[in-house]
Each structure stands twice: as C-alpha cells, then as structure tokens.
Amino acid sequence: MTPNELMQKAIQAMQQSYSPYSHYRVGAALLSRDGRVFTGCNIENAAYSPTVCAERCAFFKAVSAGVRDFEAIAVVGSREGGEPTGAPPCGVCRQVMAEFCDADSFKIYLMGKSGEIVCHTLGELLPSGFGKGNLG
Ligand code: THU
C-alpha cells in the first residue's frame with residue numbers, strides 16, 4: 001500500500017469524525033505488517049476529557065482485534081470545511097504508538113496544507129520516550 005493510498009483511507013475515516021466541540025476533524029489509517037488497515041476518527045465528548053483522538057481510535061481497534069505489528073499510520077486533520085493543517089499526532093498518541101511500534105521504522109504520514117504528504121519516523125516525533133525498557 002502506498003502512502004497516498006493509506007492517506008486516502010485516512011481522509012475517508014475523517015468523514016466519521018464526531019467533533020461538535022472543536023469543529024476540528026481528524027482521520028487516521030493504520031497499516032499493519034500483514035497488510036490490514038484499521039481506521040479511526042476523533043470522537044469528542046461533552047465532558048471533554050473522554051475525547052479520543054483518531055490515532056488512538058485506530059490503534060485500539062487494531063490491538064483489540066489481536067493485531068500488534070504495525071508499519072505506518074496516515075493522519076489528516078482540518079477545521080470543518082477547511083484545508084488539511086499538517087498537524088502531527090498529540091503526545092498521548094505518540095506514547096501509545098511507542099508501546100507497539102519501532103521508533104526507527106514506524107512511519108507517520110501527515111497531510112500538509114497543499115495536499116502534500118510529509119513522512120516522519122516515530123523516533124523523530126518522540127525522541128527519548130519512556131517505554132517498557134525503562135520499567136527495569
Ligand atoms: N485530535 C486528534 O484526533 N488527534 C491528535 O493527534 C490531536 C487532536 C483531536 C482531538 C480533538 O477532538 C480535536 O482533535 C481537537 O483537539
């Protein structure tokens with residue numbers, strides 16, 4: 001699956017975004033090593049803190065289906081009716097990614113303002129992160 005194909009699935013997933021409070025819509029498409037795609041969208045809540053990001057939605061769908069080996073995730077976010085903002089995953093989502101993904105090889109594709117796809121590794125976005133290894 002190409003980065004662009006994965007991003008198209010993230011854009012589709014963004015259509016399911018439930019974001020009546022921020023009016024900021026996010027979609028994610030997570031590619032597992034066996035070629036499956038798990039999509040997610042942000043799901044907000046009137047009490048605010050139960051809100052879940054699109055990336056974690058995708059990860060939790062995958063892990064709860066028994067899948068734990070991942071290659072890449074595509075993420076797109078925009079204000080309702082606006083252009084993609086190129087926004088990267090929040091810190092909590094990066095931490096969830098770090099639980100299951102290799103810092104050097106897991107790819108995070110973001111969609112920029114002009115529709116261009118920018119790629120980062122997880123290690124670039126979460127350097128020196130806390131992980132299993134730190135528990136001793
Ligand atoms: N959001 C995501 O879905 N992913 C992120 O990584 C950053 C933020 C959502 C949460 C909330 O519904 C909205 O974007 C505004 O913060």
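The shown structure was predicted, so the numbers you read here are calculated from the model rather than taken from an experiment. Basis for what follows: all heavy atoms, side chains included, without hydrogens, waters or symmetry-related copies. Every number for a ligand or one of its atoms is a count from 1 in the order of the listing.
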Quiz item: Is Ser19 near ligand 1, meaning one of its heavy atoms is under 4.0 Å from it?
Solution: no
Quiz prompt | From Lys9, Glu71, Gln8, residue fulfilling side-chain contact (heavy atoms from CB on, under 4.5 Å) relative to Met1 | solution = Lys9
Exercise. Determine if the distance from atom 16 (O) of ligand 1 to the closest protein heavy atom is below 4.0 Å.
Key: no
Side-chain donor-acceptor distances from residues 109-128 under 3.5 Å, at least two apart:
unit_1 : atom_1 : unit_2 : atom_2 : d
Glu116 : OE1    : Ser114 : N      : 3.0
Thr121 : OG1    : Glu124 : N      : 3.2
Glu124 : OE1    : Thr121 : N      : 3.0

Self-check item: Under 4.0 Å to a heavy atom of Thr51 - the qualifying atoms of ligand 1, by number
Solution: 12 (O)
Quiz item: Nearest protein heavy atom to atom 3 (O) of ligand 1, by residue and atom, and its distance?
Solution: Ala54 N, 2.9 Å
Self-check item: For Ala87 against Tyr24, the heavy-atom pair lying closest together
Solution: CB-OH, 3.3 Å
Practice problem: Provide the number and element of each atom of ligand 1 under 4.0 Å from a heavy atom of Ser22. | Solution: 13 (C), 15 (C)
Quiz prompt | Arg56, Glu55, Arg25, His23: member with heavy atom nearest to atom 6 (O) of ligand 1 | solution = Glu55
Exercise. Taking Arg79 for its side chain and Ser22 for its backbone only, find out whether a donor-acceptor pair lies under 3.5 Å.
Key: yes
Quiz item: With a 4.5 Å heavy-atom cut-off, do Phe100 and Phe106 have their side chains touching?
Solution: no
Quiz item: To which protein heavy atom is atom 8 (C) of ligand 1 closest, and what is the distance rounded to 0.1 Å?
Solution: Cys53 SG, 3.9 Å
Quiz item: Any idea which protein heavy atom is nearest atom 14 (O) of ligand 1, and the distance to it?
Solution: Tyr24 CD2, 3.4 Å
Quiz prompt | For Asn42, atoms of ligand 1 separated by under 4.0 Å from a heavy atom | solution = 3 (O), 9 (C), 11 (C), 12 (O), 13 (C), 14 (O)
Quiz prompt | Numbering as shown, the atoms of ligand 1 that approach Pro89 to under 4.0 Å (heavy-atom distance) | solution = 6 (O)
Self-check item: Distance-minimising heavy-atom pair for Arg36 and Phe38
Solution: CB-CE1, 3.8 Å
Exercise. Indicate yes or no: does an N/O atom of Cys90 lie under 3.5 Å from an N/O atom of ligand 1?
Key: yes
Quiz item: Between Tyr48 and Tyr21, how do the two ring planes meet: parallel, tilted or perpendicular, split at 30° and 60°?
Solution: tilted
Exercise. Would you check whether Glu44 has a nitrogen or oxygen atom less than 3.5 angstrom from a nitrogen or oxygen atom of ligand 1?
Key: yes
Exercise. Would you give the length of the straight line joining atom SG of Cys90 to atom CD of Gln95, rounded to the nearest 0.5 angstrom?
Key: 10.5 Å
